[in-house]
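Since the structure comes first, as structure tokens, the remarks are kept for the end.
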Amino acid sequence: MADIQRGEGTKNEAKCPECGGLTASMGLDFESPKKNDVKKWEHIKSLYSVGITFHSCGCTGPGYIPNTTEKLIAHFEELKTEYFKNMEFWRNRIEPTTKAELDRDESKNGQHRWQIPKSYRADKKDVKNEEAIKYWLERVKEVEEKLVIIK
């Protein structure tokens, strides 16, 4: 979810370079469209409304930012599909009960396990299916809320 959350902590005050009034802080990587390009400005407004801005450390840039509202919606729909696939994995996974099963699960399913933050784990070593499903449901809900804002 970092791709969606990257701008949420950055909504601070910024001043317009022309009038000095308050404006959205879009980040140093932001290139503003022409004043009269209403369609692009509406898209920028959509991006900002869901927490996507152009902040980065400068090394790699802000990451993927869709350049149209249609592509932004498609991006969120793809994320939602991926989150549902992850949820399906956790619904079908047989939880390990022994140390050997846990080691095998770690080896085989490590890529799924590392995606679940430690804050969702009752015991910090293993990931319970119920905890992982809860995590992915919350991610789906976040994406759906953002889609409602955009649409």
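One finds the NE2 atom of His75 at 6.0 Å from the CD1 atom of Ile52 (value rounded to the nearest 0.5 Å). Taking NZ of Lys35 as the start and CH2 of Trp41 as the end, the distance is 10.0 Å to the nearest 0.5 Å. Taken to the nearest 0.5 Å, the CG atom of Leu72 stands 10.5 Å off from the NZ atom of Lys151. Taking OH of Tyr48 as the start and OG1 of Thr23 as the end, the distance is 8.5 Å to the nearest 0.5 Å. The distance from atom CZ of Arg104 to atom NZ of Lys99, rounded to the nearest 0.5 Å, is 11.5 Å.
Side-chain atoms of Glu131 do not come within 3.5 Å of backbone N or O of Val127 as any donor-acceptor pair. Panel note: side chain Trp136, backbone Ile133; no donor-acceptor pair is recorded below 3.5 Å. Checked by atom type and distance alone, the side chain of Asp126 never pairs as donor or acceptor with a backbone atom of Leu102 at under 3.5 Å. Although no hydrogens or angles enter the test, the distance criterion places no donor-acceptor pair under 3.5 Å between the side chain of Ser107 and the main chain of Asp103. For the pair Trp90 (side chain) and Lys128 (backbone), a donor-acceptor distance under 3.5 Å is absent. His43 contributes no side-chain N or O that, together with a main-chain N or O of Glu70, makes up a donor-acceptor pair within less than 3.5 Å. Panel note: side chain Lys71, backbone Pro66; no donor-acceptor pair is recorded below 3.5 Å.
Taking the side chain as every heavy atom from C-beta outward, Thr53 and Phe30 never approach each other to under 4.5 Å. Contact check for Arg113 versus Asp105: side-chain heavy atoms found under the 4.5 Å cut-off. Put simply, the side chain of Ile65 does not reach to within 4.5 Å of the side chain of Asp29, judged on heavy atoms. Here the side chains of Val148 and Glu144 are not in contact, with every heavy-atom distance at 4.5 Å or above. Two residues are said to be in side-chain contact when any heavy atoms from C-beta on lie closer than 4.5 Å; Gln115 and Asn86 meet this criterion.
Residues Glu82 and Lys85 are paired through a salt bridge, judged by an N-O separation under 4.0 Å between the basic side chain and the carboxylate. A salt bridge does not link Glu42 with Lys39: none of the charged nitrogens is closer than 4.0 Å to a carboxylate oxygen.
Ring pair Phe89/His112 is parallel by interplanar angle, where below 30° counts as parallel and above 60° as perpendicular.
When all heavy atoms of Leu147 and Glu77 are compared, the pair lying nearest together is CD1-OE2, 3.4 Å.
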